Structures are given as C-alpha cells and as structure tokens.
Amino acid sequence: MRPPVVILANYLNLARAAQQRRQPLVRDRALLLAAVIAAQIELRPIAAACREQILAHNKRHLIGRWPDLDAALAEEDFQTLVNRLATRYGPERVEQMVERLTLQPSIEREDFDTDGEFAAALLGLNWDDLLQRFGDEFAG
C-alpha cells in the first residue's frame with residue numbers, strides 16, 4: 001500500500017492535469033477526494049484549500065452546504081458522494097491515470113521538507129500562506 005501522502009499527491013496531480021486539459025468536473029472530483037485524504041492525514045489546510053478551489057469553480061457544489069470538510073464528513077449525503085467518487089476514482093485507477101499524463105513541471109516529494117509543503121506546491125500554493133489562512137481554523 002502506498003503512503004497516504006503519495007495517494008494524496010496522485011489526486012492533486014490528477015486535479016492539476018484536469019485543470020490543464022480544461023476538464024473542470026474531473027478536477028473537482030479529484031480535489032474532493034484529495035480533500036478527504038488530506039483531512040484524514042491531518043493536512044486540514046490542504047483540505048480547506050481543495051474545498052475552496054471546488055467552490056470557486058462551482059458555488060453550488062454539495063461541499064458548500066457545510067462550513068468545512070470535517071462537518072461534511074459527518075453527513076450521510078456527503079459520505080454517499082465520496083463513496084461514489086472513490087469507486088470511480090479509486091487510488092489504483094488514479095495512479096494509472098497520472099502515470100499516463102505528462103505533467104510539467106514535475107513536483108517531487110523529496111524536494112520539500114514537509115508533506116504540507118509538498119501538497120501545497122501541487123495545488124500551486126504556498127504552505128505558509130495556507131497555514132495563515134486556514135491554520136487557526138483547525139487549531140485545538
């Protein structure tokens with residue numbers, strides 16, 4: 001089994017590729033699953049950034065019903081959506097999809113000190129900025 005940050009990276013890479021290919025629905029699906037993984041591995045600022053990017057594209061997305069991902073994860077409607085997407089975009093399938101895509105520039109985990117910095121770079125964002133924007137929201 002791959003480490004969770006590698007699985008997260010695959011979803012973020014798929015989202016990035018979908019953005020480049022102008023496939024907004026695939027991008028949002030990948031971002032949603034990335035947000036769930038990020039929340040599970042305690043990278044809540046990444047989860048919040050994914051949620052924000054989804055809502056910037058689609059203000060009426062189901063995730064907008066709740067103030068944050070943790071609240072959404074507690075709801076059956078949201079879990080149903082996540083389960084449906086996870087069936088269609090499982091980690092192995094996403095890994096295969098990413099392997100077939102050529103992503104430039106390549107962003108590698110070993111180039112970063114932390115998983116948060118790595119994930120933020122895949123989103124085209126800065127980890128310290130995300131901590132400032134969303135960090136207090138998840139403290140304590």
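Remember, it's a predicted structure, so these values are computed and weren't measured experimentally. Just so you know, residue 1 is the first one in the sequence shown, and it goes up from there.
Here the straight-line distance linking atom CD1 of Ile46 with atom CG of Leu122 works out to 8.5 Å at 0.5 Å rounding. Separation of atoms CG (Leu101) and CD (Gln20) is listed at 9.0 Å; rounding is to 0.5 Å. A distance of 5.0 Å separates CG in Leu69 from CD1 in Ile63, rounded to the nearest 0.5 Å. To the nearest 0.5 angstrom, Leu14 atom CG is 8.5 Å from Gln23 atom CD. A distance of 8.5 Å separates CG of Asp111 from CZ of Phe118, quoted to the nearest 0.5 Å. Residue Leu125 holds its CG atom at 7.0 Å from CZ of Arg133, rounded to the nearest 0.5 Å.
Residues Pro45 and Phe134 come closest through the heavy atom pair O-CD1, 3.8 Å. When all heavy atoms are compared, the tightest approach of Trp127 to Gly116 is CE3-O, 3.3 Å.
Among Arg22, Arg21, Gln19, the single residue meeting the side chain to side chain contact (heavy atoms under 4.5 Å, CB included) criterion with Arg27 is Gln19.
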**Item:** side chain to side chain contact (heavy atoms under 4.5 Å, CB included) assessment of Arg88 paired with Arg93
**Value:** CA-CA 8 Å; Arg88 187 170 181 188; Arg93 180 160 187 253; 4.3 Å; yes

**Asked** What's the verdict on salt bridge (Lys or Arg N to Asp or Glu O under 4.0 Å) for Glu95 and Arg2, showing C-alpha distance, side-chain angles and the deciding distance?
**Response** CA-CA 10 Å; Glu95 183 176 4; Arg2 299 255 187 242; 2.6 Å; yes

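Shown here are the side chain to side chain donor-acceptor pair (under 3.5 Å) partners of Arg84, two or more places apart in sequence or in another chain: there are none. Considering only residues two or more places apart in sequence or on other chains, Asp128 meets the side chain to side chain donor-acceptor pair (under 3.5 Å) condition with none of them. The side chain to side chain donor-acceptor pair (under 3.5 Å) search around Glu108 returns Ser106, not counting sequence neighbours.
Taking 4.5 Å as the limit, every side-chain heavy atom of Tyr11 sits out of range of all side-chain heavy atoms of Val98. Contact check for Leu123 versus Glu52: no side-chain heavy atoms found under the 4.5 Å cut-off. In this structure, Asp115 and Arg109 have side chains that are in contact, with non-hydrogen atoms separated by less than 4.5 Å.
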Please set out all donor-acceptor pairs under 3.5 angstrom arising from side-chain atoms of residues 29-43, sequence neighbours excluded.
{"from": "Arg29", "atom 1": "NH1", "to": "Tyr89", "atom 2": "OH", "distance (Å)": "3.4"}
{"from": "Glu42", "atom 1": "OE1", "to": "Arg44", "atom 2": "NH1", "distance (Å)": "2.7"}
{"from": "Glu42", "atom 1": "OE2", "to": "Arg44", "atom 2": "NH1", "distance (Å)": "3.3"}

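Residue pairs meeting the ring-ring contact (aromatic ring centres under 6.0 Å, His included) criterion with at least one member in residues 16-44, sequence neighbours excluded, do not occur. Applying the ring-ring contact (aromatic ring centres under 6.0 Å, His included) test to pairs two or more places apart or on separate chains, those with a residue in residues 40-85 are Trp66-Phe78.
With hydrogens and angles disregarded, a donor-acceptor distance shorter than 3.5 Å links the side chain of Asn83 to the backbone of Gln79.
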